[in-house]
Structures are given as structure tokens and as C-alpha cells.
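All residue numbers in this chain count up from 1 along the given sequence.
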Amino acid sequence: MDEKDWKQERERLNDVLDVIDTTAEKLQERKGGIKDRVLDLRKNFWEDVTVNLDEPDDVIETQASLKQQAELLSERERSHGQLSEQLKTLARLKESPYFGRIDFQEQGEQGPDKIYLGIASLMDEQEDEFLVYDWRAPISSLYYDYPPGPAEYQTTEETVSGDIKLKRQYIIRNSQLKGMFDTGLTIGDYLLQSVLGNNASTQMKSIVATIQKEQNQIIRNEKNDLLIVQGVAGSGKTSAALQRVAYLLYRYREVLSSDNMVLFSPNPLFNSYVSTVLPELGEENMQQTTFHEYLDQRLGGRFDIETPFAQMEYYLSASQQPEYETRVTAMTFKAGTQYKKLVDQFIEALHTGGVEFRNVTFRGTVIVDKESIAEYFYGLDPVMSLPNKMEATAKWLLKQVDKYAKGQLQEDWVLEEGQLLEKEDFLSVYQQLQEEDASSDDPYYDFVREEELLRQKVIDDNFYPLRQKLKRRRFFHAEKTFHKLFDAEVVVDGVKLPENWPEICRQSLELLEQRKLTWEEAAPYLYFYNRLVGFQVNRSIRHLFIDEAQDYSSFQFAYFKEVFPSSRMTLLGDYNQAIYAHASTGQTLLSPKMGAKHERITLTRSYRSTRQIVEFTKALMPGGDIIEPFNREGSKPLVTEVSDQQKLKQQILQTIKGYTGADHQTIAIICKTMEESQEAYQLLREETEAKLMDEETHTFQKGLLVIPAYLAKGIEFDAAIIYNASAAQYYRELERNLLYTACTRAMHELAVFSIGPMSAFLQQLPEDLYEKA
């Protein structure tokens, strides 16, 4: 840049900062005034309300006065909150008002407009012109999608064409212009280098200045109900997805809020890791949960549900157990379309018989026996759906219970319990007597009527739990009915069952008897239950984001589609990181042969790791040639074979010392399983300040961390140490994926250790890709 350009840009930056300060002062003054008014309204709320309850008209007037005063207070509080958010945005803008500029000349115009891009819009003091455009504005897409030359962008009404005359990028820190450069690329390597060369953070950062063209396609995709993002490790797919959320909230701000979106993330630790991205962009966080938490809540604690991590631990470490092969076969079969077909056939057969019911009892007395319920249920119109039959049966049972309850009114136990009611219940009865205001000459009227009301109160309280159970379809014995799926007489038509299906049935029944659901069984069971009683459909969720989608089975995805029928979906993942048993059959949501109508965007460039680490990790995977490293230089990965655990300890401690001396703030010792993680932690705890991370860990801290590979997914570290990548540890194909996942967590340094001969997946690598100790 020449001195003239530099001077002009610095002057403009100062002018923008002045506008930010002036605007902030005005907002602060308005905020102070509104705060005083809010405090005054709260303090004098009742003094400003006309309260008169003498006559019905006065009561109505009092209610109207109360409502008006409450609405006024609420409006002032809302205004105060909005001003607070605007001030937060201005504070973020003052730190770095903008990061890019394009000079765009629209067709038919005499000269170009200078468009400056930042994290939020900013207008001049007269509010006539934009000093800064929000990065999500339609015109801002030019910056991400085009080099200088012909370009166009889409508004809500038309396509605007023209020419980009200049594209410029800025580095502004603490309100100071540190650097700027013109570029023909979307993002210059220098800016990316400066961002990617920093230390890893305990929370994901939103860097809208470095969005790439292919990431921008993800962010601004509006036309597809299902968007699948297959992104290699470190390609920025999760960051792009969160920026997509921010874009959608901006684009549809009149009809869409963060309450209309849900992110299904791999674990609670990941939720913490990404929790600051949307607030940094000025948006509220959307709902975040894990699929296990969601299923557990839906099942209401009726079963002990295995976590996906417990399933993973079993798959990786229980191969010596007698029923291991049966369980592993069940993991793959129950995740897939053949099992869904079997469950659907079973449900169809229940239209004509087989649904199990419970007796409806009250205090040990059977009101309606299960045989009578079955007779009523199957006596209904055969064309009715099962959920409609359940609803009709519930209404019939409620009537039977009402008849029985009526007959209990005069029983002695009712009066006895009426004498033990709470004081509030007696007051309630007294008030009802007063409201009835009965003009009766009978001196005993109040006494008789009070007893009637007390008896009714006891009946209502005692029968309330039973009525609620009936409304929740608890007269249907779901577990006992589901058991029949594993009976020998189940008719199977066109379903390809595993050879050891009888053993799978026996194992399944044993677990169900213990009220345990394996991870592969949890979604199918809930699907079965909802097909019978009706799905609790959630139509308020407009967008569903599923991260690490390769870890979900086709059966789980089918359940998603039933529960969120009105929702658009964004699936993010990497089939190279598919580490669950069902992935061994190619059954992942990222499968190229997936049947649903969708758009697929593939991200092949990895930005997280240095070029040397990416070259090493891509060579681990078949087809890894498509992965492109970003040109950031670093040291080659270090691969070390040791003879025993004591030597391993010495080498790891020496490596940690070197990494700490290089100012790496997050160092992860990544293990294959939780059992191995505990072993590594015990080995190192006395000589380091290592922290052990497990599935109960909800926050990510700096320092030395010991963590199993499946919990590290989606997170990055300054340096990663693979604890034991030996031939005995990593030999199955899914374990190759696990090893790849572990190695790709490293940003700057990677060390791989092995007790004894290293894994065959490492032995096949060209030796020029790593240093060997």
C-alpha cells in the first residue's frame, strides 16, 4: 500500500470510530433514562393503578388498569434490553469495525460504491448511509464469492450485476489499523496465516473475516430442505454451520428466532466449546442437546439408556467377552433399514392382535381388567390407526374411572381423608360455599354441602394420578408388547435377518427385562412406542443442525424425520471420522447413496493443522488424496516406538516439556478408550497437572488434558500426543478412523507413540511424512 492509501484508510477508520463513540453516548443516555423510568414504574406500580373491587364494573376497570401498567413496564424493560444489546454490538465494532472492503460498480451506474464489511451494520449519524455493512447482508456475499471483475448478488427481489473494482482486507485490533492488503482471492493467505497460527482456544471463535467461498455456500444456502456438508477434518464445517445459523436469524429475523432451531452435538463438552460463537455474532444461542439427552427425556427415565460412548467402549475393548460377536452384529443390524422394516412389519401386525395392556387399578382394586381393554381396543373400527385407537380407548377408560370414582364418593375412607386435608383445601371449599351463596332455609345445608365438596376434593385428588396415567397411555404395556418382536413366532417378510438372530433376540430380551436399552435399541424402541401412541411432533423447530452426522444411523435419522416433520436439516460430518459400529456397513447419514432429496457440499481443504500434519493424516485414509492442506508450515509429526510403559512415560513427559516451552497452551493426550485414558492419567498425574476428561465433563479448559478420541471429536488443540498407536490397539478398519480422528485434533504439533510395533496403518505411511525417534 502506498502512503496515501494508508493515510486515507486510517482517517476513515478514525471517522467510523468517532461515529461509534457518538452513537454509543446517545444510546447510553437513552438507556439511563429508560432505566430510571423502569425503576420508577416498579417502585410506584401500585400507586399508578386504580384498585377498586367493590362492584363488577370496578373489578373490570381495575384489571384493565393493571394490564395497562404491566404492559407499559414490560415495554420499557424490553427497550432497555434492546439498547443494552445495541451497546454490546457497538463495543464489538469498536474493537474491529470492519475486516473487508469491496468497490462495486453496479451496471448502469457512473462509479463504484465502497462497501465495508463488519460483524454488524453501522450507519452514519444522520442514518442516511451505511458506514459498515453486516457480513450477512446480500451485497456482502460479493466479498466471499468473487475476485475483482464481473460479479452479481441476489436480493429478495432481483439479481444485481456489476463489477468489483477492488477487494481489500484489513487487520484491525484494539481500534488500530495493523495491516491491509488488496487481493484477488476471497481471503489472502496472510490473513488466514495470522488467524490459524494462533493458539487453540477453549471455545470456538467466530471468524467471519476468513469465510471461504465454499463455506459461504453453506452459510447462505436457503433453497434446500436437506443440506449435507461432508467436510474433512479441520475444514471449518461446524464454524460455517454456526455462521449459517447467524445468517438465517438475520435473513428471516421477522419470522425466525433462536428458539426455532436445535443443534444436536456429539457431547456436552462440545456444547461448551461452541457456546460463544453466536453471542460473538450478536445472536442468542439456539437450543443445544445431545441425542442421548433427548432420548432420555422422551423416555422419561423408564429405561436405563446406554450412552453412545459406553457402546463405543464395549465395541473397542470387550472382544474377549463370550457374547461380543452377538452384540456387535446387533449394533450394525439394529442401526439399519432392515431392522426398521422388521419393526414396521411388527407394528402392522399389531392392528389385528398382540398389543399388551395393563389392568386399570385403584387402591388394589381392578376397575377395568386388561382383557376388557384388549376387547374394547380390538373391537374398534379396523381401519382406525393405532394412535387413534389408543386415544379412543383412553377416553373410554376415563369414563369407566369417572363412574367408579362417583361410586366411591360415599365410602368411609373418603370422609376420613377429607378430615386430613390441608388448611388451603378447607379455605378453597369455604370460598366455594360463599360463591354459591345458597339461600336455603335448611340449617344443615352448609354442613351437608361442605361435606359434599370435601368428599369431591378427596376423590379428585386421589384419582388425579390415575387419570394422568390414562391420558399418557400407561394402560398400554409398551415393554411387554415390544418383547414380542423378539419371539420366535414373529413373521418376517422380505427382511434379511442376521444368521445369529436367535442369539440377538435372547440377548435383547435379557436386557429389556433389566429395563436397559442399548444405544442401538433406544431410537427403535421410541419409534415403536410413538408409532403406537402417536408421535409428539415438534413443529416449532424450523431448522435442525446435526453435527458429527456420520455417527448417526439410518434408523435414528428416520426417527428425526418423524419428530421434526416441518424442519429443514443441515447435516455436518466426515465419513473418515465414522467410528461407531454401524458405520462398518457404510450406514451413515453422509453416505453418497443416501436416498433423500438433498444438496451435498464437500469441503476438502483442511485449515486446522499445519501442512505437515495434514499430509501425515491424509495418508492414513483410503481416498485421502482429495484432502488439501492449507499452506501453513510446521514440524513433521514425531512417531516413536518404545518397549514398555515406563519408557513411554519418560518420552511423553519429555515431549510435554518441549510443547510447554513452545508456549502451547492446550496439549491433549489422546487415548483409544476411557479405560486407556484412566491408565494414562494415573501414569502421569504425579509429575504433571493433567486433567482427565470424560463424558461428564461439560467445560473445556486450557492445560494438559487426557481424553479418549471419541470425546475429542470437533475440538482442536495446540498439540496432540497419541498415547499408544500400537498394532495391538489399532488394527480394525473403524479403528483406523479413530486414529485419524485423534491425529487430526492437532493444530501445530503431533506426536504419536507406540508400545511395541506401531499400527499397520502407520507402518504403511511413507517415512518422509514424519520424524522417527
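- Side-chain contact of Q243 with Q215: a donor-acceptor pair under 3.5 Å is absent, judged by distance alone.
- Using a cut-off of 4.0 Å between Lys/Arg side-chain N and Asp/Glu carboxylate O, R736 and E733 are scored as salt-bridged.
- Heavy atoms only, all atoms of each residue included: P268 and E293 are closest at CG-OE2, 4.1 Å.
- Interatomic distance, CE of M286 versus CG of L278, reported as 6.0 Å (0.5 Å rounding).
- Between D768 and K636, the shortest heavy-atom contact is O-NZ, 2.7 Å.
- With a 4.5 Å cut-off on side-chain heavy atoms, L299 and I305 count as touching.
- Under the 3.5 Å distance criterion, with hydrogens and angles disregarded, no donor-acceptor pair is assigned to the side chains of D547 and S265.
- Side-chain N/O atoms of Q612 and E633 include a donor and acceptor closer than 3.5 Å.
- A heavy-atom distance below 4.5 Å is not found between the side chains of K672 and N724.
- In summary, the side chains of H748 and R632 do present a donor paired with an acceptor at a separation below 3.5 Å, with no hydrogens or angles considered.
- Residues Y659 and F717 fail the side-chain proximity criterion, which asks for heavy atoms closer than 4.5 Å.
- Taking the ring axis of Y314 as reference, the NZ or CZ atom of R327 stays within 45° of it and closer than 6.0 Å to the ring centre.
- Annotation for S635 and T610: closest pair O-OG1, 4.4 Å, computed over non-hydrogen atoms.
- Between the side chains of E323 and Q321, no donor-acceptor pair is found at a separation under 3.5 Å.
- Closest non-hydrogen pair, I755 versus S726, comes out as O-CB, 3.5 Å.
- Each of I656, L705, T655 was evaluated against I669; a single residue qualifies, I656, per the side chain to side chain contact (heavy atoms under 4.5 Å, CB included) test.
- Around the CD atom of Q514, the shell of radius 6.0 Å holds more than 12 heavy atoms that belong to other residues, nucleotides or ligands.
- Considering every non-hydrogen atom in both N224 and R568, the closest pair reads O-CD, 3.9 Å.
- Counted by atom type alone, D574 and Q577 present one or more donor-acceptor pairs between their side chains at under 3.5 Å.
- No hydrogens or angles considered: a donor-acceptor pair under 3.5 Å links the side chains of Y723 and E679.
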_Walk me through whether Q507 and T329 qualify under side chain to side chain contact (heavy atoms under 4.5 Å, CB included)._
CA-CA 12 Å; Q507 193 180 76; T329 306; over 6 Å; no
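- The one candidate from M747, E628, Q212 that meets the side chain to side chain contact (heavy atoms under 4.5 Å, CB included) condition with Y607 is Q212.
- Residues K713 and D551 have side chains in contact (heavy-atom distance under 4.5 Å, counting atoms from C-beta outward).
- Ring geometry for Y527 versus F555: interplanar angle over 60°, hence perpendicular rather than tilted (30 to 60°).
- For S567 (side chain) and F564 (main-chain N/O), no donor-acceptor pair under 3.5 Å exists by modelled atom type.
- Put simply, the side chain of K237 never gets that close to the backbone of L572: no donor and acceptor are under 3.5 Å apart.
- Rounding to the nearest 0.5 Å gives a distance of 8.5 Å between CG of L295 and OG1 of T290.
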_Chi angles and distances behind the side chain to side chain contact (heavy atoms under 4.5 Å, CB included) call for V262, F545_ = CA-CA 6 Å; V262 173; F545 292 81; over 6 Å; no
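- Aromatic ring pairs are classed by plane angle as parallel below 30°, tilted from 30° to 60° and perpendicular above 60°; the pair F486 and W501 is tilted.
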*Begin with the C-alpha distance, continue with both residues' side-chain angles, and end with the deciding distance and a verdict on ring-ring contact (aromatic ring centres under 6.0 Å, His included) for Y731 and F761.*
CA-CA 8 Å; Y731 56 92; F761 304 132; 8.7 Å; no
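- In this model, a donor atom of one side chain and an acceptor atom of the other lie less than 3.5 Å apart for T518 and E520.
- One side chain, E521 or Y339, offers a donor N or O that lies under 3.5 Å from an acceptor on the other.
- Looking at every heavy atom in both residues, A578 comes nearest to Q550 through CA-CG, 3.5 Å.
- Between the side chains of K691 and T697, no donor-acceptor pair of N or O atoms lies under 3.5 Å.
- Side-chain atoms of S554 come within 3.5 Å of backbone atoms of A335 as a donor-acceptor pair (strictly under, hydrogens ignored).
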*side chain to side chain contact (heavy atoms under 4.5 Å, CB included) between S677 and L692, worked out*: CA-CA 7 Å; S677 298; L692 180 63; 3.9 Å; yes
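- In summary, the side chains of N221 and E599 do present a donor paired with an acceptor at a separation below 3.5 Å, with no hydrogens or angles considered.
- None of E313, Q729, M312, Q678 except one satisfies the side chain to side chain contact (heavy atoms under 4.5 Å, CB included) rule with T673; the exception is E313.
- Put simply, CG on L750 and CD on E771 are 12.5 Å apart, with the number rounded to the nearest 0.5 Å.
- When atom types are taken as modelled, the side chain of E641 and the backbone of M758 share a donor-acceptor pair closer than 3.5 angstrom.
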*I715 and T666: side chain to side chain contact (heavy atoms under 4.5 Å, CB included), yes or no, with the steps?*
CA-CA 11 Å; I715 301 174; T666 56; over 6 Å; no
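- Neither side chain, Q338 nor K496, offers a donor N or O lying under 3.5 Å from an acceptor on the other.
- Residues R745 and I670 form a side-chain contact, since some pair of their non-hydrogen atoms from C-beta on lies under 4.5 Å apart.
- Going from atom OG1 of T238 over to atom CZ of R244 covers 13.5 Å, rounded to the nearest 0.5 Å.
- Using a 4.5 Å cut-off on side-chain heavy atoms (C-beta onward), L603 and I218 make contact.
- Side-chain atoms of Q311 and Y580, non-hydrogen and from C-beta on, do get closer than 4.5 Å to each other.
- In this structure, the separation between OG1 on T604 and CD on Q230 is 10.0 Å, given to the nearest 0.5 Å.
- Within a 6.0 Å sphere centred on CD of Q654, heavy atoms belonging to other residues, nucleotides or ligands number 12 at most.
- In the displayed structure, R732 atom CZ is contacted under 6.0 Å by more than 12 heavy atoms of other residues, nucleotides or ligands.
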*What do the steps show when you test F264 against Y552 for ring-ring contact (aromatic ring centres under 6.0 Å, His included), and what is the final call?*
CA-CA 11 Å; F264 280 90; Y552 290 77; 7.2 Å; no
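- Here the side chains of V639 and F753 are not in contact, with every heavy-atom distance at 4.5 Å or above.
- Within 6.0 Å of CD on E510 lie more than 12 heavy atoms contributed by other residues, nucleotides or ligands.
- With no hydrogens or angles considered, no side-chain donor-acceptor pair links S235 and R605 at under 3.5 Å.
- No more than 12 heavy-atom neighbours from other residues, nucleotides or ligands sit within 6.0 angstrom of CD on E686.
- Side-chain contact of R298 with Y294: a donor-acceptor pair under 3.5 Å is present, judged by distance alone.
- Between the CG atom of L497 and the CG atom of L342 there is a distance of 6.0 Å, given to the nearest 0.5 Å.
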